Amino acid sequence: MKVYSFSRGGIKFEDSFAPDSNSSRLAFLPEMVIVPLSTESGSRSIPVVSTGQHIEEGMLIARGQGAASANIHSPIPGKLTRAVKWSPAPGFLSDAFVIRLEGSFKKLGKPEIRHEWADLNWFEIRSLISEYGVIEMDGLGRPLCDIFSQKNAVVSPLTFIVRCVFDDPWLAAEHSLCKERLEEVAEGALITARAAGAATIVFAVSAAERELGRSLIEAAKRNDTSGQFTFTEILVGSRYPQHSDYAMETVLLRYSKREGLIHGPMLMLSPTTVAAVYDAVVLRAPVLERYVAVGGAALKNRTVIKARIGSRLRDLIGECGGFSGKAEESSVIAAIGSPLLGRAAASLDEPVLKTSRSVFVSSVKRRETALKKYSWLKKISQFLPVATCISCGECRRVCPVRLDPEDIYKRISYGKTGIINSNCIGCGCCEAVCPSKLPLCTAIVRTPFKEDTYAV
Ligand code: SF4
Ligand code: SF4
């Protein structure tokens, strides 16, 4: 079977400090959780509970209000002790609830009751997805039904791509979930496709995971009792950033041309999101926990953890056996996301969000190296360093969208941003390979551009 990939650029991304994706462990229940009332991109959901109130596990605590906000449920039973302000990103302040563990669990340890969905239409499925607060469980965390509405399935049926692509070692949580919840991912894909108005389901799978792809297709076909969908498996390369929307679209177009696949507008989602759809529709369960890849040089152990939403980063670090060697809280940097694309955590009290797929912690020894290597860890300076560019051209070689990061970066440095418009997908490849450690991606992504496309 042919392996498809994007045409040029990209890097081989390896990291020995990322956790192994072959296993996962269930975290101990946190004594308290911090539950933000909005996603990083979304507007605030409206609280429906108040301070001092006793909360049940899975109870609705804030209701989404229109586009870009989602229903939010309590991950644990307990008492709502405080309402606090929390800032997940500079310039963005969110309300959050602090809930202390108390009382008994309504869902944990109880048998799961299956609800059949075969007779539900797209509208009924979307209602359940909204009710149980399902959002895209990576990226910006947009409510799933908002994404469905933005895709035009009326003009032509959508092609739904389940992105089982693991080109980044920090996608270990996705990988682990995909293997452990294979049946749920396969059935969740069918449910999602019906809700979105998709006729074709494509499982895009890393070439090294052929067996996983075969098993997903078999499980999906077994569950498609209506015979309403067509299924395709596409094996894709593992060069980073293969899992980006840009690279996946390239792959689908190439595959369609070669294999004659007729496709409509594309909808791409991760296995974690699809499994959350399964939970909402089949189990009628809200998103209360997620798989998180926890690693980094400063930790004793590195592992994939099933953690309750709202657990603090320090809880996850405790699950990994704490800090390694002489590292301590005052001398580490914690960050959320991939080392190429993540964001620094303000403190170890930051909560796990529905979108937190990985957390990594660098030790004091590596702090300076990490600051140099991953420039997004520090606030970008108004005066970017330019003198150290040695014009090696490495950044051009790896850019998958044929940009000239060196030139764009220099233009930004001299304040000439009005004449360029970047198609940058923010993959971070240029920054990862730059021998001068210039904050290329960081600068390009954060600078507003105008006018025409700029490409070499
Ligand atoms: S990789 Fe870095 S040093 Fe090399 S040309 Fe690009 S910006 Fe300059
Ligand atoms: S310029 Fe943008 S798209 Fe190109 S390598 Fe850098 S981050 Fe990726």
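Positions are given from 1 along the sequence. Because the structure is a prediction, the values reported are computed rather than measured. Counting starts at 1 for both ligands and their atoms, in listed order.
When distances to atom 4 (Fe) of ligand 2 are checked against a cut-off of 2.8 Å, C430 contributes no N, O or S atom below that limit.
Between D279 and R181, at least one side-chain nitrogen of the basic residue sits less than 4.0 Å from a carboxylate oxygen of the acidic one, meeting the salt-bridge criterion. The pair R163-D245 meets the salt-bridge criterion, with a side-chain N (NZ, NE, NH1 or NH2) lying under 4.0 Å from an Asp/Glu carboxylate O.
With contacts defined as side-chain heavy-atom distances shorter than 4.5 Å, the pair V287/M137 qualifies. Counting only heavy atoms from C-beta outward, the side chains of C395 and Y409 never approach each other to under 4.5 Å. In this structure, Y246 and P241 have side chains that are not in contact, with every pair of non-hydrogen atoms separated by 4.5 Å or more.
Of all protein N/O/S atoms, those under 2.8 Å from atom 8 (Fe) of ligand 1 are C389 SG, and waters are not counted.
At a 4.0 Å heavy-atom cut-off, ligand 2 touches V401 through the side chain alone.
Note that CG of L216 is 4.5 Å distant from CG of L182, once rounded to the nearest 0.5 Å.
Residue C399 approaches ligand 2 through these ligand atoms, each under 4.0 Å from one of its heavy atoms: 3 (S), 4 (Fe), 5 (S). Atoms of ligand 1 found under 4.0 Å from any heavy atom of L440 (numbered from 1 in listed order, with element): 7 (S). Shown in contact with I425 at under 4.0 Å from a heavy atom are these atoms of ligand 2, numbered in order with element: 3 (S).
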Quiz prompt | Check against salt bridge (Lys or Arg N to Asp or Glu O under 4.0 Å), R314 and D349 | solution = CA-CA 6 Å; R314 66 176 70 255; D349 287 319; 2.8 Å; yes
Quiz item: Yes or no on salt bridge (Lys or Arg N to Asp or Glu O under 4.0 Å) for K221 and E218, after CA distance, side-chain angles and deciding distance?
Solution: CA-CA 5 Å; K221 284 183 178 166; E218 278 167 22; over 6 Å; no
Practice problem: Apply salt bridge (Lys or Arg N to Asp or Glu O under 4.0 Å) to E174 and R357, showing your working. | Solution: CA-CA 8 Å; E174 289 286 347; R357 63 176 161 86; over 6 Å; no
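No heavy atom of V398 sits closer than 4.0 Å to any atom of ligand 2.
Considering C424, C427, C441, G10 only, the shortest heavy-atom separation from atom 2 (Fe) of ligand 2 involves C424.
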